[in-house]
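Have a look at the structure below, then the notes.
In this chain, numbering begins with 1 at the start of the sequence shown.
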Amino acid sequence: GLKHGEGAAALREHDADRAAGARTDLALEAHQLAAQGRAAAQIPGVRSSEEALDFGTLTRLYVESEIGARILEKPIGHYTTIQVPRLQERRREVAADVSRVLAREIEGYLERAGLAPNAPVLVVGLGNWNATPDNVGPLTTSKLLVTRHLHEYRVLDEETLGRMRPVAALSPGVLGLAGVETAEIVRGVVERMKPQYVICVDALAARSVERLGTTFQ
């Protein structure tokens, strides 16, 4: 694949951008950077689609080959980005709309992974809860409804439990606070709990200040 002209040319352009200091955690921005100056804004091994929402835009990126992964510097996979500039208005109805779309997208990921409704899920809030720019993960886990213990100890009736997936949450902190690498903590919990899916929530770096507090990947 890398010997083909199209892929090789795209990789040369990517290397030039990287040398210039391009840096972002968002697949959407990486795709936009890679597409700049290209006649047909098509990146080898990458597909994209866009959905207009009443309150913003939802973009899906499918990185399907090693060439695409190298150009975007993102692993092969499916990336969904929700952009909602109106979130800066801090209106509850907008936040509620975003929550519904976000829930729908997460549910889609779980369904594509083949998870049964009663399969346990672990949510990990990455980051430092003492640092505002990095506390998105711990703040999220603090607001979750954790239900794994309810299933384990059968404190509710079967009908109620049947409507709730077993969910556990963990905020391991950062190395500077815990003295232990985050991956080590998460690996230990996963080996003991044996969840069928792990969802990590983290703050991401963006190139555009307009994305602060308005963009979800």
Side-chain angles (χ1 to χ4, degrees), residues 14 17-36 50 53 55-61 63 69 71-75 77-106 109 121-146 167-190 195 197-217:
H14 159 68
D17 288 337
R18 187 175 186 181
R23 169 75 175 88
T24 179
D25 285 328
L26 295 173
L28 176 65
E29 285 190 333
H31 184 258
Q32 291 171 343
L33 283 169
Q36 285 179 359
E50 190 170 287
L53 305 172
F55 49 83
T57 306
L58 186 148
T59 305
R60 292 186 174 88
L61 280 176
V63 182
I71 293 173
L72 266 59
E73 296 188 10
K74 307 296 175 193
H78 171 195
Y79 298 82
T80 300
T81 306
I82 304 171
Q83 301 174 81
V84 193
R86 290 182 59 200
L87 271 180
Q88 293 181 341
E89 302 171 10
R90 303 187 68 83
R91 295 173 58 183
R92 289 186 178 181
E93 59 269 28
V94 176
D97 289 338
V98 175
S99 296
R100 282 189 286 270
V101 172
L102 190 58
R104 180 194 74 185
E105 293 303 308
I106 293 175
Y109 276 91
V121 169
L122 172 65
V123 181
V124 180
L126 301 175
N128 184 347
W129 50 76
N130 294 322
T132 300
D134 196 33
N135 71 358
V136 173
L139 190 61
T140 299
T141 55
S142 73
K143 295 180 180 295
L144 285 180
L145 173 63
V146 293
V167 174
L170 171 70
S171 295
V174 293
L175 179 62
L177 293 176
V180 184
E181 289 285 358
T182 301
E184 294 180 67
I185 298 174
V186 175
R187 186 180 298 112
V189 173
V190 167
Y197 206 84
V198 178
I199 298 175
C200 293
V201 184
D202 197 9
L204 301 179
R207 290 174 55 83
S208 171
V209 69
E210 286 75 16
R211 297 196 189 281
L212 294 179
T214 66
T215 301
F216 303 85
Q217 174 174 274

> Can you check side-chain contact (heavy atoms from CB on, under 4.5 Å) on L58 and V101, steps first, answer last?
Replying inline: CA-CA 9 Å; L58 186 148; V101 172; 3.8 Å; yes
> Could you go step by step and tell me if Y79 and H31 meet the ring pair (Phe, Tyr, Trp, His ring centres under 6.0 Å) rule?
Replying inline: CA-CA 11 Å; Y79 298 82; H31 184 258; over 10 Å; no
>> Show, in sequence, the C-alpha distance, side-chain angles and deciding distance for V201 and V124, and conclude whether the side-chain contact (heavy atoms from CB on, under 4.5 Å) test is met.
In response: CA-CA 6 Å; V201 184; V124 180; over 6 Å; no
> Under the side-chain contact (heavy atoms from CB on, under 4.5 Å) criterion, do L122 and V190 qualify, and how do the steps go?
Replying inline: CA-CA 8 Å; L122 172 65; V190 167; 4.0 Å; yes
> Can you list the steps and then say if T141 with S171 is a side chain to side chain donor-acceptor pair (under 3.5 Å)?
Replying inline: CA-CA 7 Å; T141 55; S171 295; 2.5 Å; yes
> Run the side-chain contact (heavy atoms from CB on, under 4.5 Å) check on T81 and F216 step by step: do they pass?
Replying inline: CA-CA 6 Å; T81 306; F216 303 85; over 6 Å; no
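Separation of atoms CG (L87) and CZ (F55) is listed at 8.5 Å; rounding is to 0.5 Å. Rounding to the nearest 0.5 Å gives a distance of 11.5 Å between CZ of R104 and CZ of R100. If you take CZ on R86 and OG1 on T214, they are separated by 13.0 Å, rounding to the nearest 0.5 Å. With rounding to the nearest 0.5 Å, the separation of CG in L126 from CG in N135 is 12.5 Å. Taking CG from D202 and CG from D134, the interatomic distance works out to 6.5 Å, rounded to the nearest 0.5 Å. With values rounded to the nearest 0.5 angstrom, L28 atom CG is found 6.0 Å from L61 atom CG.
Taking both residues in full, the closest heavy atoms of L26 and A206 are given as CD1-CB, 3.9 Å, listed atom of the first, atom of the second, then distance. Between A169 and V146, the closest heavy-atom pair is CB-CG1, 3.7 Å. L72 and A30 make their closest contact through O-CB, 3.6 Å (heavy atoms, listed as atom of the first residue, atom of the second, distance). Taking both residues in full, the closest heavy atoms of A34 and I71 are given as CB-CG2, 3.7 Å, listed atom of the first, atom of the second, then distance. Residue A203 comes nearest to P133 through the heavy atom pair CB-O, 3.4 Å, listed as atom of the first residue, atom of the second, then distance. Residue G173 comes nearest to T182 through the heavy atom pair O-OG1, 3.2 Å, listed as atom of the first residue, atom of the second, then distance.
In summary, R211 and E29 engage in a salt bridge, as defined by a charged side-chain N under 4.0 Å from a carboxylate O. E105 and R60 are joined by a salt bridge, as a carboxylate oxygen and a charged side-chain nitrogen come within less than 4.0 angstrom of each other.
Y109 contributes a side-chain N or O that, together with a main-chain N or O of H78, makes up a donor-acceptor pair within less than 3.5 Å.
The local environment of CZ in R92 is sparse, with at most 12 non-hydrogen atoms from other residues, nucleotides or ligands closer than 6.0 Å.
Counting heavy atoms from C-beta on, the side chains of L145 and V167 never come closer than 4.5 Å.
Of the candidates D25, T24, T215, V136, L204 forms a side chain to side chain contact (heavy atoms under 4.5 Å, CB included) with just one, namely D25.
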